[in-house]
Asker: 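Below: one structure in C-alpha coordinates.
Owing to the predicted nature of the structure, the values given are computational and were not obtained by experimental measurement.
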Amino acid sequence: MNDHQVPNRIYATYWIESAYPLADAAAIMAGEQSTGTFLRVPGETDELRKKFAARVEALEEQGPVTSPSLPGSGTPKNWDGKRRTAHVTLSWPLYNIGPSLPNLLATVAGNLSELKPFSGLKLLDLTLPPEFLTQYQGPQFGVAGTRTLTSVYGRPIIGTIIKPSIGQTPEATAQQVKTLAEAGIDFVKDDELQSDGPHCPFNARVSAVLDVLNTHAARTGKRVMYAANITGDLDQMLERLAHIEANGGTCAMVSMNSIGLPAMKIIRRHAHVAIHGHRNGWGMMSRSPAIGMSFIAFQKLWRVAGIDHTHVNGLRNKFCESDESVIDSARTCLTPMFSAPNKGCEVMPVFSSGQSARQAPDTYHALGTTDLIYACGGGIMGHPQGVAAGVQSLQQAWEAAVQSIPLTAYAETHTELKAALELFGA
(Lines give C-alpha, C1' and ligand atoms only; values in the text may rest on other atoms or scores of the structure.)
Protein backbone atom coordinates (compact mmCIF):
# COMPACT_ATOMS: atom_id res chain seq x y z
CA MET A 1 0.00 0.00 0.00
CA ASN A 2 1.43 3.35 -1.01
CA ASP A 3 1.13 6.69 0.76
CA HIS A 4 -1.94 7.69 -1.26
CA GLN A 5 -3.95 4.56 -0.45
CA VAL A 6 -6.17 4.24 2.59
CA PRO A 7 -6.82 1.14 4.72
CA ASN A 8 -9.82 -1.12 4.16
CA ARG A 9 -10.01 -0.41 0.45
CA ILE A 10 -9.27 -2.62 -2.55
CA TYR A 11 -7.24 -1.03 -5.37
CA ALA A 12 -7.02 -2.25 -8.96
CA THR A 13 -5.02 -0.73 -11.80
CA TYR A 14 -5.94 -1.25 -15.45
CA TRP A 15 -4.77 -0.42 -18.95
CA ILE A 16 -7.69 0.77 -21.04
CA GLU A 17 -8.27 1.74 -24.66
CA SER A 18 -11.41 3.68 -25.56
CA ALA A 19 -13.00 6.03 -28.08
CA TYR A 20 -14.82 7.68 -25.18
CA PRO A 21 -13.34 10.60 -23.25
CA LEU A 22 -11.05 8.91 -20.76
CA ALA A 23 -12.72 10.42 -17.68
CA ASP A 24 -16.07 9.13 -18.94
CA ALA A 25 -14.60 5.69 -19.64
CA ALA A 26 -13.15 5.47 -16.11
CA ALA A 27 -16.50 6.54 -14.62
CA ILE A 28 -18.26 3.82 -16.63
CA MET A 29 -15.87 1.23 -15.17
CA ALA A 30 -16.44 2.43 -11.61
CA GLY A 31 -20.21 2.45 -12.01
CA GLU A 32 -20.41 -0.96 -13.69
CA GLN A 33 -18.41 -2.63 -10.92
CA SER A 34 -20.21 -1.06 -7.95
CA THR A 35 -23.51 0.82 -7.63
CA GLY A 36 -24.30 1.87 -11.19
CA THR A 37 -25.89 0.56 -14.34
CA PHE A 38 -26.55 2.18 -17.71
CA LEU A 39 -29.02 4.58 -16.04
CA ARG A 40 -29.77 5.66 -12.51
CA VAL A 41 -32.37 3.45 -10.85
CA PRO A 42 -34.73 3.95 -7.89
CA GLY A 43 -32.89 3.39 -4.62
CA GLU A 44 -29.55 4.51 -6.04
CA THR A 45 -29.38 7.47 -3.69
CA ASP A 46 -26.52 9.91 -3.30
CA GLU A 47 -25.96 8.45 0.17
CA LEU A 48 -25.74 4.92 -1.21
CA ARG A 49 -23.35 6.02 -3.94
CA LYS A 50 -21.13 7.83 -1.47
CA LYS A 51 -20.85 4.75 0.74
CA PHE A 52 -20.59 1.94 -1.81
CA ALA A 53 -19.53 3.34 -5.18
CA ALA A 54 -16.13 2.58 -6.64
CA ARG A 55 -13.83 5.58 -6.89
CA VAL A 56 -11.55 6.59 -9.72
CA GLU A 57 -8.28 7.13 -7.86
CA ALA A 58 -5.97 7.87 -10.79
CA LEU A 59 -6.17 8.40 -14.53
CA GLU A 60 -2.99 8.73 -16.59
CA GLU A 61 -3.27 9.04 -20.36
CA GLN A 62 -0.80 6.88 -22.26
CA GLY A 63 -1.32 8.02 -25.84
CA PRO A 64 -3.51 7.48 -28.92
CA VAL A 65 -3.99 4.40 -31.11
CA THR A 66 -5.01 4.33 -34.74
CA SER A 67 -7.37 1.32 -34.63
CA PRO A 68 -9.25 -0.72 -32.03
CA SER A 69 -7.30 -3.58 -30.46
CA LEU A 70 -10.43 -5.68 -29.90
CA PRO A 71 -13.59 -6.15 -31.98
CA GLY A 72 -17.07 -5.02 -30.96
CA SER A 73 -16.29 -1.67 -29.35
CA GLY A 74 -18.52 1.37 -29.73
CA THR A 75 -18.08 5.09 -30.10
CA PRO A 76 -19.77 7.97 -28.25
CA LYS A 77 -22.07 10.54 -29.78
CA ASN A 78 -20.18 13.40 -31.38
CA TRP A 79 -17.02 11.26 -31.41
CA ASP A 80 -13.87 13.21 -32.20
CA GLY A 81 -12.43 10.26 -34.14
CA LYS A 82 -9.68 9.51 -31.61
CA ARG A 83 -8.99 6.41 -29.54
CA ARG A 84 -6.89 6.88 -26.44
CA THR A 85 -5.18 4.63 -23.93
CA ALA A 86 -4.66 5.19 -20.22
CA HIS A 87 -3.80 3.64 -16.89
CA VAL A 88 -6.77 3.79 -14.52
CA THR A 89 -6.83 2.95 -10.82
CA LEU A 90 -10.16 2.19 -9.15
CA SER A 91 -10.86 1.49 -5.51
CA TRP A 92 -13.70 -0.09 -3.56
CA PRO A 93 -14.49 -0.21 0.15
CA LEU A 94 -13.75 -3.66 1.54
CA TYR A 95 -17.23 -3.82 3.05
CA ASN A 96 -18.74 -4.07 -0.44
CA ILE A 97 -17.68 -7.72 -0.63
CA GLY A 98 -15.73 -8.61 2.52
CA PRO A 99 -12.40 -10.49 2.32
CA SER A 100 -13.51 -12.97 -0.34
CA LEU A 101 -11.28 -13.89 -3.30
CA PRO A 102 -14.09 -15.17 -5.58
CA ASN A 103 -16.07 -11.99 -5.02
CA LEU A 104 -12.93 -9.90 -5.37
CA LEU A 105 -12.45 -11.41 -8.82
CA ALA A 106 -16.04 -10.58 -9.74
CA THR A 107 -15.46 -7.01 -8.56
CA VAL A 108 -12.13 -6.20 -10.22
CA ALA A 109 -12.78 -8.19 -13.41
CA GLY A 110 -16.46 -9.05 -13.69
CA ASN A 111 -18.06 -7.68 -16.85
CA LEU A 112 -15.45 -5.02 -17.55
CA SER A 113 -13.83 -6.67 -20.55
CA GLU A 114 -17.18 -6.95 -22.32
CA LEU A 115 -18.19 -3.29 -22.07
CA LYS A 116 -18.76 -1.72 -25.48
CA PRO A 117 -17.01 1.59 -24.67
CA PHE A 118 -13.69 -0.28 -24.47
CA SER A 119 -11.61 -1.63 -27.33
CA GLY A 120 -9.04 -2.82 -24.79
CA LEU A 121 -9.04 -3.39 -21.02
CA LYS A 122 -6.52 -5.33 -18.98
CA LEU A 123 -6.09 -5.72 -15.21
CA LEU A 124 -2.49 -4.84 -14.36
CA ASP A 125 -2.20 -4.88 -10.56
CA LEU A 126 -4.05 -5.31 -7.28
CA THR A 127 -3.49 -3.99 -3.78
CA LEU A 128 -5.45 -5.75 -1.06
CA PRO A 129 -6.02 -4.84 2.60
CA PRO A 130 -4.56 -7.30 5.13
CA GLU A 131 -8.07 -8.20 6.28
CA PHE A 132 -7.95 -10.88 3.58
CA LEU A 133 -5.59 -12.77 5.89
CA THR A 134 -8.43 -13.22 8.36
CA GLN A 135 -10.09 -15.58 5.86
CA TYR A 136 -7.11 -16.94 3.95
CA GLN A 137 -3.93 -18.49 5.32
CA GLY A 138 -1.46 -17.48 2.63
CA PRO A 139 1.67 -19.62 2.04
CA GLN A 140 2.47 -22.20 4.70
CA PHE A 141 6.12 -22.60 3.69
CA GLY A 142 7.00 -19.95 1.10
CA VAL A 143 10.65 -19.25 0.42
CA ALA A 144 12.18 -20.00 3.82
CA GLY A 145 10.06 -23.08 4.44
CA THR A 146 10.83 -24.56 1.04
CA ARG A 147 14.52 -24.16 1.75
CA THR A 148 14.04 -25.92 5.08
CA LEU A 149 12.17 -28.81 3.46
CA THR A 150 14.90 -29.28 0.84
CA SER A 151 17.90 -28.30 3.02
CA VAL A 152 19.16 -26.12 0.16
CA TYR A 153 20.63 -22.77 1.17
CA GLY A 154 22.69 -20.10 -0.54
CA ARG A 155 21.88 -21.20 -4.08
CA PRO A 156 18.79 -21.92 -6.19
CA ILE A 157 16.91 -25.16 -5.69
CA ILE A 158 17.82 -27.18 -8.78
CA GLY A 159 14.86 -29.06 -10.21
CA THR A 160 13.46 -30.87 -13.19
CA ILE A 161 10.24 -32.21 -14.67
CA ILE A 162 9.60 -35.91 -15.19
CA LYS A 163 9.73 -36.58 -18.93
CA PRO A 164 8.14 -37.94 -21.06
CA SER A 165 5.23 -36.03 -19.55
CA ILE A 166 2.87 -38.98 -19.88
CA GLY A 167 3.19 -42.59 -21.00
CA GLN A 168 5.52 -43.96 -18.33
CA THR A 169 4.47 -46.55 -15.77
CA PRO A 170 4.77 -45.87 -12.03
CA GLU A 171 7.84 -48.11 -11.96
CA ALA A 172 9.54 -46.32 -14.85
CA THR A 173 8.73 -42.98 -13.26
CA ALA A 174 10.28 -44.07 -9.97
CA GLN A 175 13.39 -45.32 -11.77
CA GLN A 176 13.84 -41.95 -13.45
CA VAL A 177 13.43 -40.19 -10.12
CA LYS A 178 15.97 -42.55 -8.54
CA THR A 179 18.47 -41.61 -11.24
CA LEU A 180 17.81 -37.92 -10.62
CA ALA A 181 18.10 -38.26 -6.85
CA GLU A 182 21.42 -40.07 -7.14
CA ALA A 183 22.56 -37.29 -9.49
CA GLY A 184 22.02 -34.71 -6.75
CA ILE A 185 18.72 -33.11 -7.83
CA ASP A 186 16.85 -31.04 -5.23
CA PHE A 187 13.34 -30.95 -6.70
CA VAL A 188 11.33 -33.10 -9.11
CA LYS A 189 7.80 -32.49 -10.33
CA ASP A 190 5.13 -34.22 -12.32
CA ASP A 191 4.22 -32.60 -15.60
CA GLU A 192 0.80 -30.95 -15.43
CA LEU A 193 -0.46 -33.52 -17.96
CA GLN A 194 0.34 -36.40 -15.59
CA SER A 195 -2.48 -36.93 -13.13
CA ASP A 196 -4.30 -40.21 -12.42
CA GLY A 197 -4.63 -42.00 -15.73
CA PRO A 198 -5.01 -45.79 -15.89
CA HIS A 199 -1.50 -46.26 -17.30
CA CYS A 200 0.09 -44.40 -14.36
CA PRO A 201 -2.35 -44.24 -11.41
CA PHE A 202 -1.65 -41.51 -8.89
CA ASN A 203 -1.39 -43.69 -5.79
CA ALA A 204 0.86 -46.25 -7.45
CA ARG A 205 3.11 -43.57 -8.94
CA VAL A 206 3.43 -41.55 -5.76
CA SER A 207 4.04 -44.63 -3.62
CA ALA A 208 6.76 -45.83 -5.97
CA VAL A 209 8.46 -42.44 -6.24
CA LEU A 210 8.34 -41.66 -2.53
CA ASP A 211 9.63 -45.13 -1.67
CA VAL A 212 12.69 -44.34 -3.80
CA LEU A 213 13.11 -40.90 -2.25
CA ASN A 214 12.60 -42.11 1.32
CA THR A 215 15.27 -44.77 0.78
CA HIS A 216 17.58 -42.14 -0.70
CA ALA A 217 16.99 -39.82 2.27
CA ALA A 218 17.68 -42.59 4.78
CA ARG A 219 20.93 -43.43 3.01
CA THR A 220 22.24 -39.93 2.27
CA GLY A 221 20.38 -37.54 4.56
CA LYS A 222 19.17 -35.56 1.55
CA ARG A 223 15.41 -35.37 1.01
CA VAL A 224 14.45 -34.56 -2.57
CA MET A 225 11.17 -32.66 -2.91
CA TYR A 226 8.67 -34.32 -5.24
CA ALA A 227 5.72 -32.19 -6.39
CA ALA A 228 3.07 -34.79 -7.21
CA ASN A 229 0.17 -33.49 -9.29
CA ILE A 230 -3.02 -33.84 -7.24
CA THR A 231 -5.19 -31.79 -9.63
CA GLY A 232 -8.73 -33.17 -9.88
CA ASP A 233 -12.11 -32.80 -8.25
CA LEU A 234 -11.99 -31.57 -4.65
CA ASP A 235 -12.61 -34.94 -3.01
CA GLN A 236 -9.96 -36.52 -5.23
CA MET A 237 -7.43 -33.82 -4.38
CA LEU A 238 -7.94 -34.22 -0.65
CA GLU A 239 -7.48 -38.00 -0.95
CA ARG A 240 -4.34 -37.54 -3.04
CA LEU A 241 -2.96 -34.97 -0.61
CA ALA A 242 -3.48 -37.42 2.26
CA HIS A 243 -1.69 -40.13 0.27
CA ILE A 244 1.35 -37.88 -0.24
CA GLU A 245 1.52 -37.06 3.44
CA ALA A 246 1.01 -40.67 4.54
CA ASN A 247 3.98 -41.70 2.36
CA GLY A 248 6.36 -39.03 3.63
CA GLY A 249 6.07 -36.55 0.77
CA THR A 250 6.80 -32.87 1.15
CA CYS A 251 4.97 -31.24 -1.79
CA ALA A 252 1.73 -31.35 -3.77
CA MET A 253 1.21 -29.70 -7.15
CA VAL A 254 -2.03 -28.17 -8.39
CA SER A 255 -3.01 -26.63 -11.73
CA MET A 256 -4.35 -23.36 -10.37
CA ASN A 257 -6.60 -22.39 -13.26
CA SER A 258 -8.16 -25.86 -13.30
CA ILE A 259 -9.14 -26.00 -9.63
CA GLY A 260 -10.10 -22.39 -8.81
CA LEU A 261 -9.52 -20.20 -5.77
CA PRO A 262 -12.13 -21.76 -3.41
CA ALA A 263 -10.63 -25.23 -3.91
CA MET A 264 -7.15 -23.81 -3.34
CA LYS A 265 -8.31 -22.37 -0.02
CA ILE A 266 -9.53 -25.80 1.11
CA ILE A 267 -6.39 -27.59 -0.08
CA ARG A 268 -4.29 -25.10 1.88
CA ARG A 269 -6.40 -25.63 4.99
CA HIS A 270 -5.75 -29.38 4.89
CA ALA A 271 -2.15 -29.42 3.65
CA HIS A 272 0.90 -30.13 5.77
CA VAL A 273 3.18 -30.05 2.73
CA ALA A 274 4.28 -27.30 0.35
CA ILE A 275 1.87 -26.41 -2.45
CA HIS A 276 3.36 -26.01 -5.91
CA GLY A 277 1.06 -23.80 -7.98
CA HIS A 278 1.28 -24.47 -11.72
CA ARG A 279 -0.10 -21.64 -13.84
CA ASN A 280 -0.87 -23.62 -17.03
CA GLY A 281 -3.61 -21.85 -18.96
CA TRP A 282 -2.35 -18.45 -17.86
CA GLY A 283 -1.51 -17.52 -21.46
CA MET A 284 -5.22 -17.28 -22.25
CA MET A 285 -5.46 -14.43 -19.77
CA SER A 286 -2.17 -12.74 -20.47
CA ARG A 287 -0.91 -13.11 -24.02
CA SER A 288 -2.92 -10.25 -25.49
CA PRO A 289 -1.85 -6.83 -24.24
CA ALA A 290 -5.44 -5.66 -24.73
CA ILE A 291 -7.41 -8.05 -22.52
CA GLY A 292 -7.13 -10.35 -19.50
CA MET A 293 -4.86 -9.77 -16.54
CA SER A 294 -1.15 -9.50 -15.89
CA PHE A 295 0.75 -12.08 -13.88
CA ILE A 296 1.43 -9.33 -11.33
CA ALA A 297 -2.28 -9.28 -10.48
CA PHE A 298 -2.88 -13.01 -11.02
CA GLN A 299 -0.23 -14.31 -8.64
CA LYS A 300 -1.44 -12.16 -5.74
CA LEU A 301 -4.77 -13.98 -5.69
CA TRP A 302 -3.06 -17.34 -5.40
CA ARG A 303 -0.50 -16.25 -2.84
CA VAL A 304 -3.29 -15.18 -0.51
CA ALA A 305 -5.11 -18.47 -1.22
CA GLY A 306 -2.04 -20.41 -0.09
CA ILE A 307 0.45 -21.51 -2.76
CA ASP A 308 4.13 -21.76 -1.84
CA HIS A 309 5.70 -21.79 -5.35
CA THR A 310 4.58 -20.71 -8.80
CA HIS A 311 6.01 -20.70 -12.30
CA VAL A 312 7.29 -17.51 -13.92
CA ASN A 313 8.79 -18.92 -17.14
CA GLY A 314 12.54 -18.34 -17.69
CA LEU A 315 14.91 -16.13 -19.62
CA ARG A 316 15.07 -16.85 -23.35
CA ASN A 317 12.24 -19.35 -22.92
CA LYS A 318 10.34 -21.33 -25.54
CA PHE A 319 7.17 -19.31 -25.02
CA CYS A 320 6.17 -15.79 -26.06
CA GLU A 321 6.98 -14.06 -22.75
CA SER A 322 9.74 -11.45 -22.73
CA ASP A 323 12.69 -11.60 -20.35
CA GLU A 324 11.56 -8.34 -18.77
CA SER A 325 8.17 -9.83 -17.97
CA VAL A 326 9.77 -12.98 -16.53
CA ILE A 327 11.93 -10.99 -14.12
CA ASP A 328 9.06 -8.68 -13.14
CA SER A 329 6.97 -11.78 -12.40
CA ALA A 330 9.67 -13.38 -10.26
CA ARG A 331 10.38 -10.15 -8.41
CA THR A 332 6.75 -9.63 -7.50
CA CYS A 333 6.54 -13.19 -6.09
CA LEU A 334 9.32 -12.26 -3.68
CA THR A 335 7.87 -8.85 -2.75
CA PRO A 336 5.68 -8.74 0.38
CA MET A 337 2.00 -8.11 -0.32
CA PHE A 338 1.33 -6.79 3.17
CA SER A 339 3.41 -4.72 5.56
CA ALA A 340 4.56 -6.00 8.96
CA PRO A 341 3.37 -7.27 11.32
CA ASN A 342 1.15 -8.96 8.76
CA LYS A 343 2.32 -11.98 6.79
CA GLY A 344 4.02 -10.86 3.56
CA CYS A 345 2.92 -13.97 1.58
CA GLU A 346 6.16 -14.20 -0.42
CA VAL A 347 6.43 -17.34 -2.58
CA MET A 348 9.23 -19.10 -4.41
CA PRO A 349 9.35 -18.29 -8.14
CA VAL A 350 9.96 -21.27 -10.42
CA PHE A 351 12.07 -20.65 -13.53
CA SER A 352 11.49 -23.18 -16.31
CA SER A 353 11.05 -23.54 -20.07
CA GLY A 354 14.23 -24.11 -22.06
CA GLN A 355 16.53 -23.34 -19.13
CA SER A 356 20.13 -24.53 -18.87
CA ALA A 357 23.45 -23.39 -17.44
CA ARG A 358 23.67 -20.55 -19.95
CA GLN A 359 20.82 -18.46 -18.47
CA ALA A 360 22.07 -18.57 -14.86
CA PRO A 361 24.21 -15.38 -14.89
CA ASP A 362 21.58 -13.23 -16.57
CA THR A 363 18.88 -14.57 -14.26
CA TYR A 364 20.93 -13.82 -11.15
CA HIS A 365 22.04 -10.36 -12.25
CA ALA A 366 18.50 -9.37 -13.24
CA LEU A 367 16.78 -10.77 -10.13
CA GLY A 368 19.55 -10.20 -7.59
CA THR A 369 18.83 -13.29 -5.49
CA THR A 370 19.12 -17.07 -5.51
CA ASP A 371 15.67 -17.49 -3.95
CA LEU A 372 14.17 -19.50 -6.78
CA ILE A 373 13.60 -22.98 -8.12
CA TYR A 374 15.59 -23.44 -11.34
CA ALA A 375 13.87 -26.25 -13.24
CA CYS A 376 15.62 -27.67 -16.30
CA GLY A 377 14.61 -30.63 -18.41
CA GLY A 378 16.99 -30.93 -21.33
CA GLY A 379 19.49 -28.84 -19.39
CA ILE A 380 19.91 -31.83 -17.08
CA MET A 381 18.72 -34.91 -18.95
CA GLY A 382 20.46 -33.91 -22.19
CA HIS A 383 23.91 -33.28 -20.73
CA PRO A 384 26.50 -35.24 -22.77
CA GLN A 385 28.23 -36.53 -19.62
CA GLY A 386 25.02 -37.77 -18.02
CA VAL A 387 22.37 -36.64 -15.57
CA ALA A 388 24.71 -36.08 -12.61
CA ALA A 389 26.92 -33.86 -14.75
CA GLY A 390 23.81 -31.97 -15.84
CA VAL A 391 22.91 -31.18 -12.22
CA GLN A 392 26.51 -30.25 -11.43
CA SER A 393 26.71 -27.95 -14.47
CA LEU A 394 23.75 -25.96 -13.16
CA GLN A 395 25.22 -25.70 -9.68
CA GLN A 396 28.52 -24.54 -11.19
CA ALA A 397 26.79 -22.00 -13.42
CA TRP A 398 25.09 -20.45 -10.40
CA GLU A 399 28.36 -20.45 -8.43
CA ALA A 400 29.92 -18.49 -11.28
CA ALA A 401 26.95 -16.13 -11.48
CA VAL A 402 26.99 -15.29 -7.76
CA GLN A 403 30.75 -14.68 -7.88
CA SER A 404 30.43 -12.59 -11.09
CA ILE A 405 32.80 -14.91 -12.92
CA PRO A 406 32.12 -15.34 -16.66
CA LEU A 407 30.77 -18.80 -17.44
CA THR A 408 33.49 -19.50 -19.99
CA ALA A 409 36.18 -18.67 -17.45
CA TYR A 410 34.59 -20.82 -14.71
CA ALA A 411 34.18 -23.65 -17.22
CA GLU A 412 37.94 -23.88 -17.67
CA THR A 413 38.19 -25.62 -14.29
CA HIS A 414 34.72 -27.23 -14.23
CA THR A 415 34.32 -29.87 -16.93
CA GLU A 416 30.59 -30.38 -16.41
CA LEU A 417 29.88 -26.71 -17.04
CA LYS A 418 32.22 -26.67 -20.02
CA ALA A 419 30.36 -29.56 -21.64
CA ALA A 420 27.02 -27.85 -20.99
CA LEU A 421 28.18 -24.63 -22.62
CA GLU A 422 29.47 -26.53 -25.63
CA LEU A 423 26.04 -28.14 -26.02
CA PHE A 424 23.76 -25.21 -25.17
CA GLY A 425 25.94 -22.22 -26.06
CA ALA A 426 27.79 -19.91 -23.70
Side-chain angles (χ1 to χ4, degrees), residues 1 7-14 29-37 52-55 89-115 121-140 230-238 241 252-271 275-286 291-311 332-333 337-338 342-343 345 347:
M1 184 172 294
N8 299 312
R9 291 192 74 83
I10 297 161
Y11 291 81
T13 299
Y14 305 84
M29 295 172 66
E32 176 70 23
Q33 294 308 111
S34 59
T35 60
T37 182
F52 296 101
R55 296 198 307 232
T89 300
L90 304 182
S91 78
W92 298 259
L94 179 61
Y95 53 67
N96 275 19
I97 59 167
S100 164
L101 289 177
N103 291 305
L104 169 70
L105 198 56
T107 297
V108 301
N111 294 323
L112 284 176
S113 296
E114 302 157 63
L115 290 174
L121 192 152
K122 186 163 188 169
L123 176 62
L124 300 180
D125 201 359
L126 289 169
T127 302
L128 306 181
E131 283 78 8
F132 274 85
L133 296 179
T134 65
Q135 298 299 315
Y136 297 89
Q137 295 176 282
Q140 182 173 187
I230 68 171
T231 303
D233 295 328
L234 184 56
D235 57 344
Q236 295 173 319
M237 290 193 289
L238 291 174
L241 177 65
M253 184 181 105
V254 294
S255 291
M256 297 182 287
N257 291 313
S258 298
I259 71 167
L261 291 162
M264 184 67 248
K265 178 182 180 182
I266 294 172
I267 294 297
R268 168 65 178 87
R269 184 189 303 158
H270 286 82
I275 300 173
H276 186 88
H278 200 294
R279 71 180 190 181
N280 56 84
W282 170 74
M284 290 190 292
M285 290 183 278
S286 67
I291 197 167
M293 73 171 72
S294 76
F295 185 74
I296 305 294
F298 174 83
Q299 52 87 35
K300 290 183 178 180
L301 301 170
W302 294 96
R303 287 164 64 183
V304 171
I307 62 168
D308 294 291
H309 324 142
T310 193
H311 290 244
T332 198
C333 288
M337 286 183 61
F338 307 105
N342 300 294
K343 190 174 188 175
C345 294
V347 298

Asker: Can you tell me how far CG of L126 sits from CD1 of I296, rounded to the nearest 0.5 angstrom?
Answerer: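 Reported value, rounded in 0.5 Å steps: 11.0 Å.
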Asker: Checking Q33 side chain against A30 main chain: does a donor-acceptor pair fall under 3.5 Å?
Answerer: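 Flag not set: sc Q33 to bb A30 has no pair under 3.5 Å.
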Asker: Could you tell me which non-hydrogen atom of F132 sits nearest to which non-hydrogen atom of S100, and how far apart they are?
Answerer: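 Here F132 and S100 meet closest at CE2-N, 3.4 Å.
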Asker: Indicate yes or no: at least one non-hydrogen side-chain atom of F295 is less than 4.5 angstrom from one of S286.
Answerer: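 A side-chain contact is absent here, since even the closest heavy-atom pair is not under 4.5 Å.
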Asker: Is W302 close to V347 at the side-chain level, that is, under 4.5 Å between some pair of heavy atoms?
Answerer: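 No - every pair of side-chain heavy atoms lies 4.5 Å or more apart.
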Asker: Taking salt bridge (charged side-chain N to carboxylate O under 4.0 Å, His left out) as the cut-off, I'd like each qualifying pair that reaches into residues 291-308, sequence neighbours left out, listed once.
Answerer: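 Sorted result for residues 291-308: D125-K300.
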Asker: Determine yes or no for a side-chain-to-main-chain donor-acceptor pair under 3.5 angstrom, with E32 supplying the side chain and L115 the backbone.
Answerer: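 Side chain of E32 to backbone of L115, a donor-acceptor pair under 3.5 Å: no, none is there.
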Asker: Would you give the length of the straight line joining atom CD1 of I230 to atom CG of L241, rounded to the nearest 0.5 angstrom?
Answerer: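 One finds 5.0 Å between CD1 of I230 and CG of L241.
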Asker: Specify the closest pair of heavy atoms between L301 and L261, including all atoms of both residues, with the distance to one decimal.
Answerer: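 Scanning both residues completely, I find the closest heavy atoms to be O-CD2, 3.8 Å.
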Asker: Would you check, one step at a time, whether the test side-chain contact (heavy atoms from CB on, under 4.5 Å) holds for M256 with T310?
Answerer: CA-CA 9 Å; M256 297 182 287; T310 193; 3.2 Å; yes
Asker: So, taking the atom named CD1 in I291 and the one named CE in M284, what distance separates them when rounded to the nearest 0.5 Å?
Answerer: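 One finds 12.5 Å between CD1 of I291 and CE of M284.
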Asker: Find the distance between CG (L234) and NE2 (H270) and round it off to the nearest 0.5 Å.
Answerer: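 Answer rounded to 0.5 Å: 8.0 Å.
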Asker: Quick one: does NZ or CZ of K265 land under 6.0 Å from the six-membered ring centre of Y136, within 45 degrees of the ring axis?
Answerer: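 Because its charged atom sits under 6.0 Å from the ring centre and within 45° of the axis, K265 does stack over Y136.
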Asker: Quick one, M285 and L123 - any side-chain contact, counting heavy atoms below 4.5 Å?
Answerer: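 No, side chains not in contact.
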Asker: Is there a donor-acceptor contact under 3.5 Å from the side chain of S294 to the main chain of L124?
Answerer: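 Side chain of S294 to backbone of L124, a donor-acceptor pair under 3.5 Å: yes, one is there.
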Asker: Search all heavy atoms of L128 against all heavy atoms of F338 and return the closest pair with its distance.
Answerer: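 Reported closest heavy-atom pair: O-CE2, 3.2 Å.
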Asker: Sequence neighbours excluded, which residues qualify as side-chain contact (heavy atoms from CB on, under 4.5 Å) partners of P262?
Answerer: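 For P262 the side-chain contact (heavy atoms from CB on, under 4.5 Å) partners, ignoring immediate neighbours, are P102.
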Asker: Does the side chain of I275 reach to within under 4.5 Å of the side chain of Q140, using non-hydrogen atoms?
Answerer: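 Contact flag for I275/Q140 side chains = no.
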Asker: I want to check something: taking the side chain as every heavy atom from C-beta on, are M29 and L121 in contact at a cut-off of under 4.5 Å?
Answerer: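 M29 reaches L121 side chain to side chain.
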Asker: So do I10 and T107 actually touch side chain to side chain, heavy atoms under 4.5 Å?
Answerer: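 Heavy-atom side-chain distance check fails, nothing below 4.5 Å.
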Asker: Between S255 and T231, is there a donor-acceptor pair closer than 3.5 Å when you use the side chain of the first and the backbone of the second?
Answerer: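 Checked: no pair found.
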Asker: Can you give me the closest heavy-atom contact between P129 and R9, atom names plus distance?
Answerer: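 In this case the closest contact between P129 and R9 is CD-O, 3.5 Å.
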Asker: In Å, rounded to the nearest 0.5 Å, how long is the span from CD1 of I97 to CG of L105?
Answerer: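 Answer rounded to 0.5 Å: 9.5 Å.
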Asker: Is a side-chain N or O of N8 found less than 3.5 angstrom from the main chain of L94, in a donor-acceptor match?
Answerer: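 It does not hold such a pair.
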Asker: Return the CG to CG distance between L90 and L112, rounded to the nearest 0.5 Å.
Answerer: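 Taking CG in L90 and CG in L112, the distance rounds to 7.5 Å.
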Asker: Taking all atoms of both residues into account, what is the closest heavy-atom pair of Q137 and K343, and its distance?
Answerer: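 So the two residues come closest at O-NZ, 2.8 Å.
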Asker: Any idea which heavy atoms bring N257 and N280 closest together, and the distance?
Answerer: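 What the structure gives for the nearest pair is ND2-O, 3.1 Å.
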Asker: With under 30° as parallel and over 60° as perpendicular, where do the rings of F298 and W282 fit, or are they tilted in between?
Answerer: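 Tilted.
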Asker: Which pairs pass salt bridge (charged side-chain N to carboxylate O under 4.0 Å, His left out) with one or both residues in residues 276-286, sequence neighbours excluded?
Answerer: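 Residue pairs with at least one partner in residues 276-286: R279-E321.
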